[in-house]
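One structure is given here, and the rest of the page talks about it.
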Amino acid sequence: MGLQLFNTLTRNKEEFVPLEPGKIRFYVCGVTVYDHCHIGHARSAIVFDVIYRYLMHLGYEVTYVRNFTDIDDKIIRRANEEGTDYRTIAQRYITAFYEDMDALGVLRPNLEPLATDNIPGMIEIIQKLMDKGIAYQSGTDVYFQVEGFPSYGRLSGRALEDMMAGARVEVDANKRNPMDFVLWKGSKPGEPAWDSPWGPGRPGWHIECSAMGNRFLGKTFDIHGGGKDLIFPHHENEIAQSEAAFDAPFVKYWIHNGFVNINNEKMSKSLGNFFTIRDVLQRVHPEALRLFVLSKHYRSPVDFSDETVAEAERGLEKLYHTLAAVKDRTPASQEGETAEKALQSQDSELFQETLALPQAFTEAMDNDFNTAQVIGYFFGLQRHLQRFLDRFGQKKLKGPAAALARKAASTLRQYAGIMGLLSLEPEVFMQEQRMLKLKATGMMAEEVERLIELRQQARKNKDFAEGDRIRKELEDKGIQLEDTAGGTRWRVTV
RNA sequence: GGCGGCAUGCCCAAGUGGUAAGGGAGCGGUCUGCAAAACCGUUAUUCACCGGUUCGAAUCCGGUUGCCGCCUCCA
């Protein structure tokens, strides 16, 4: 069947056929660097990261471009507020962006161009549009004339007349049509400015993506992504500019991710109901956040709350717990290949489920990146694997049993890895998770360890009352003890 | 006012014409010195409501209600 994806342009799921066999040219709108990123940005980044990883997994040679908007009114305003240069602001938040993305485990695109490094390309496009009479200068600004582009509104599914009837469009005496949008914005004295045939100024917002897309990916490219809120006007305008300038289709497939909501309302800067990525990562493990995001289909809205995030955390802990159990209870060294028959005879169902995972994974991902379904498969395999382990009680697994457990675990990790999940060694994850959660209890790890040691002494002396008292004391502070064959483990439950 | 989306058990959530995945929580059990974790069992004859198409619909069509988004910067 092959990859099917929902194309915003046609509002249908379509079979994906690359423009050039084996290759994909992929562009995602990046951020405007005037402030820290919030969870909404995190969702978008994670969603497109998984799409990128999956396209590579399918064997495509992917050229992935994600830009930075490093010049814009909000950046200038911020610079003025702080009495500094727009570059300082942009650079600061680019650095912060990388810190956030790295923490989230989001892979770097192949190219991450800056708008300000691509101004000649923008001027070139604007010039083309001027030459064709589709753009006009008015005062110190240059505008795109929407009526000169007949299919304007196709992506967002609305007609020009309808939009004008909306009447919320700012009346601008410079514009011939209220829907015309700025391509080049004349600078006021003291504002950042670049020379152009229309006088000193700066580019309008939409033109940068047309210029960078064209420069790095060509006139027409395969996939363009971004948040749903970019459909109109940003992407609509990109299409108008690019297609009018180059007389070629701009993009074949448009992919848009849904919003992150708080209390069922869109998270946004303007509403002020946002959490920054860095704040959330103070208390939530990045992989838990990733699991949270991928537990829902990328086009649906998701509600971000303590409860929904906690569910993802518990789920992730469960998956890692099973991986840890396999690691602890099977021999460290691999003793060669075990015959399939021997594996199957250990537990036919687990064996089959392990073998079936690659195809189930691919079918779900091919179906418009159905990561939620994939995660369901992960839990199914985890449960069977854990059940298999439990059959052996406290005993270690040997021979074909160990081989089957390892095969199931490594298959699980391999496919979860394509989505950027289960990428850590289980003990590393559990340690990170403990340390993260410990902050909320106000306790130090040493203190916990000391109390555990005291409890062990008491238990050795058969003083269970004292042992239980210590456990209760820790429990009240949010530390849950788990006595295992390998000693006492602890985790934080608050 | 225009355009679009969504409504699945207590909560989250997949399902795209063939008879309801998965996770969390709850309850019962196994295990445990006691716990925790884990595992097992259990919770939707039913998918907002009303009609229709079909041998068959959560899935398609029409209508109703509710929520959300876009039309202004926004992932």
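Please read all numbers here as calculations on a predicted model, not as lab measurements. All values below come from the heavy atoms of this structure, side chains included, with hydrogens, waters and symmetry mates left out. Chain letters run A, B, ... following the sequence lines, proteins first and then strands; every chain starts at 1.
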Residues two or more places apart in sequence or in another chain: which of them pass ring-ring contact (aromatic ring centres under 6.0 Å, His included) with F429(A)? H285(A), Y320(A)
Looking at F48(A), is R66(A) sitting on its ring face, NZ or CZ under 6.0 Å from the six-membered ring centre and within 45 degrees of the normal? no
By side-chain hydrogen bond (donor to acceptor under 3.5 Å, both in side chains), which residues pair with T276(A), not counting sequence neighbours? D279(A)
Please classify the nucleic acid contact of F259(A) as base, sugar-phosphate, or nothing, using heavy-atom distances under 4.0 Å. base
Please name all residues satisfying side-chain hydrogen bond (donor to acceptor under 3.5 Å, both in side chains) with N7(A), sequence neighbours left out, ordered by chain then number. E14(A)
Strictly by side chain to side chain donor-acceptor pair (under 3.5 Å), give each pair with a member in residues 259-268 of chain A just once, sequence neighbours left out. S268(A)-S270(A)
Selection from rG15(B), rA75(B), rC68(B) that lies nearest to any side-chain heavy atom of N367(A): rG15(B)
Checking side-chain polar atoms at under 3.5 Å, does D72(A) have a donor or acceptor matched by the opposite partner on Y86(A)? no
In numerical order, the residues of residues 286-306 of chain A whose heavy atoms come under 4.0 Å of RNA chain B are S295(A), K296(A), H297(A)
How would you list all residue pairs meeting salt bridge (charged side-chain N to carboxylate O under 4.0 Å, His left out) that involve residues 176-185 of chain A, not counting sequence neighbours? D73(A)-K185(A)
Its contact letters, B for base, S for sugar-phosphate only and - for none at protein heavy atoms under 4.0 Å, make nucleotides 30-40 of chain B read ---BBBBSSSS
Determine which pairs satisfy salt bridge (charged side-chain N to carboxylate O under 4.0 Å, His left out) with at least one residue from residues 415-427 of chain A, sequence neighbours left out, and list them in order. K327(A)-E425(A), K327(A)-E427(A), R413(A)-E425(A)
Applying side-chain hydrogen bond (donor to acceptor under 3.5 Å, both in side chains) to Y64(A) and not counting sequence neighbours gives none
Test: salt bridge (charged side-chain N to carboxylate O under 4.0 Å, His left out). Region: residues 37-48 of chain A. Which pairs qualify, not counting sequence neighbours? none
Ranking rG69(B), rC73(B), rU16(B) by distance to the side chain of K74(A), first place goes to rC73(B)
Please identify each residue that fulfils side-chain hydrogen bond (donor to acceptor under 3.5 Å, both in side chains) with R108(A), with sequence neighbours left out. D102(A)
Which nucleotide sits closest to the side chain of N264(A): rG2(B), rG22(B), rC67(B)? rC67(B)
Can you check the H38(A) NE2 to rA75(B) C1' distance for me, whole Å? 7 Å
Could you give me the stems involving RNA chain B, meaning stretches of three or more consecutive Watson-Crick or G-U wobble pairs whose two defining distances are both below 3.5 Å? B:1-7 with B:65-71, B:10-12 with B:22-24, B:26-30 with B:38-42, B:48-52 with B:60-64
Rounded distance in Å between the P positions of rC12(B) and rU72(B): 32 Å
Consider the side chain of N370(A), meaning its heavy atoms from C-beta on, and name the nucleotide among rG2(B), rA75(B), rA14(B) that approaches it most closely. rA14(B)
Candidates rC11(B), rA75(B), rC73(B) - which lies nearest the side chain of P233(A): rC73(B)
Pick the C1' atom in rU16(B) and in rC49(B), then give their distance to the nearest Å. 22 Å
